Amino acid sequence: MRFLPAPGPARVLALGTLVRTTGRGLWMVASALFLTRSAGLSATEVGLGLTVSALVGLLASTPAGYLADRLGPRATQIVALVASGALTTALVAVGSLPAFLAVGAATAVADAVDRGAKGALIAGSVPADQRVRTRAYLRATTNVGISVGAVLAGFALAADTRAAYVALILTTAVTYLLAAAIFTRLPYLPPTPAPVHGPRLIALRDRPFLAFTVLNGLMSMHIGLLNIALPLWIVGHLRAPAWVFPGLMLVNTLMVVLFQVRAARGTDSLAGAARAARRAGLAIAAACALFAASGGRSAGVAVALLVGGALAHVVGELWHSAAGWGISFGLAPENAHGQYQGAYAMGYELGRMVAPVVVTTLAVGWGVPGWLLLGALFLSLGALVPAVVRWAARNRSAVPDPAPVAVA
């Protein structure tokens, strides 16, 4: 398989994404330690700040995407990255909860603008039949970048000094600025004019699309299965060794890098993407069943069941991602890709907010019955997607795209 998209805009997007997500990996690994050990915040204050930031990001998603449509996605993406670099640098001055809340909220807005602009940038830079494939390349690239950043962050963690953490933050800021410079090589995309009549934020009035967004966002809770529920399950309920969890994470990362592009085949149509969502629900439900079956087993049997569950989970994850891209691009009017991608991202933010409570309560608190209930939930969510997509497709065919304002 090809590990890079063909030369042109898709390759520029991949290179910029690699640089940006390397910085993201740096910050993801070291953020909690910097904020508690260097900035002087308590764990409770860090949790509160992250929750507020997530809520701000959720509320800003669709308006930020609308902004990308009106100003042009390339210019908006570059401005968002420059702002992210400046706000990352501002973290050096954080030493109290109010300062962390202010910087975190502003960063959440910049991230929301970045997400909406990225979707519109892909829609405007590559042919329609290559959009999902390009998103697949970018997701594989994202996993590579985060992994590289996580390894590099280990040096700062080993030093555990204020100077090391500051150097890490400034390096992260530089990656955002370098990514902005790389994206200047993309072709200019003009702003799309606003509709003459009716509401501006049409994505928030598109009930079928919002229904899909909610379903897709709840499906994205499966990420919490691997990142949150599984390590707690292994440590608290199984005889399996603790090192098995990092191994499962490595398998997940490698599978995404190697097979995300392949898994996206056939999802550039609405019907194909809807079928992939249904298959994703099936695969994730199977993963939950295998994780549940690992309880009370010997170490060898538990490890085998965990590996099987992790493989089923990543297959579902690959199909779920590809299905979401195909549906979100396929249902968006051509003059509103930014706000529709922003609304689509809003679902993921919703999933991120509720996943910790849901997966820990069910999988860790309830044990085997909780895992099985989670499996039934993901199976049901995936099964509902095709019907919602058909409803949305009928709605799109019945309502023409809003007429744009004439531009001199």
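No experiment lies behind these values; they were computed from the predicted model shown.
For the pair Val251 and Val307, the minimum side-chain heavy-atom distance is 4.5 Å or more. For the pair Tyr340/Pro333, a side-chain contact is recorded, criterion being any heavy-atom separation below 4.5 Å from C-beta on. Residues Arg139 and Thr17 are not in side-chain contact: their nearest non-hydrogen atoms beyond the backbone lie 4.5 Å or more apart. Looking only at side-chain heavy atoms (C-beta outward), Leu331 and Leu270 come within less than 4.5 Å of each other. Residues Leu372 and Val368 meet the side-chain proximity criterion, which asks for heavy atoms closer than 4.5 Å. In this structure, the side chains of Thr89 and Leu170 come closer than 4.5 Å at one or more pairs of heavy atoms. Contact of the Phe329 side chain with the Ile122 side chain is registered, since non-hydrogen atoms from C-beta on lie closer than 4.5 Å.
Closest heavy-atom contact between Ser38 and Tyr165: CB-CD1, 4.0 Å. Heavy atoms only, all atoms of each residue included: Ala68 and Thr76 are closest at CA-OG1, 3.5 Å. In this structure, Tyr348 and Ser321 approach most closely via the heavy-atom pair OH-CA, 4.4 Å. Residues Met221 and Phe378 come closest through the heavy atom pair C-CZ, 4.0 Å.
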Donor-acceptor list for residues 277-293 side chains, cut-off 3.5 Å, not counting sequence neighbours:
none

Pairs under 3.5 angstrom only: tabulate donor-acceptor contacts from the side chains of residues 175-191 to other protein residues two or more places apart or in another chain.
from   : atom 1 : to     : atom 2 : distance (Å)
Thr175 : OG1    : Thr172 : O      : 2.5
Thr184 : OG1    : Ala181 : O      : 2.4

Less than 3.5 Å apart, which donor and acceptor atoms pair up between the side chains of residues 142-151 and the rest of the protein, not counting sequence neighbours?
from   : atom 1 : to     : atom 2 : distance (Å)
Thr142 : OG1    : Leu138 : O      : 2.8
Ser147 : OG     : Asn143 : O      : 2.8

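Arg133 and Tyr137 form a side-chain donor-acceptor contact under 3.5 Å, judged by distance and modelled atom types alone.
Applying the side chain to side chain donor-acceptor pair (under 3.5 Å) test to Gln339 and every residue at least two apart in sequence or in another chain returns nothing.
Listed by first then second residue, pairs satisfying side-chain hydrogen bond (donor to acceptor under 3.5 Å, both in side chains) with a partner in residues 244-259 read Asn252-Glu317, not counting sequence neighbours. Note on residues 214-238: pairs passing ring-ring contact (aromatic ring centres under 6.0 Å, His included), not counting sequence neighbours, are His222-His313, His222-His320, Trp233-His237, Trp233-Trp371.
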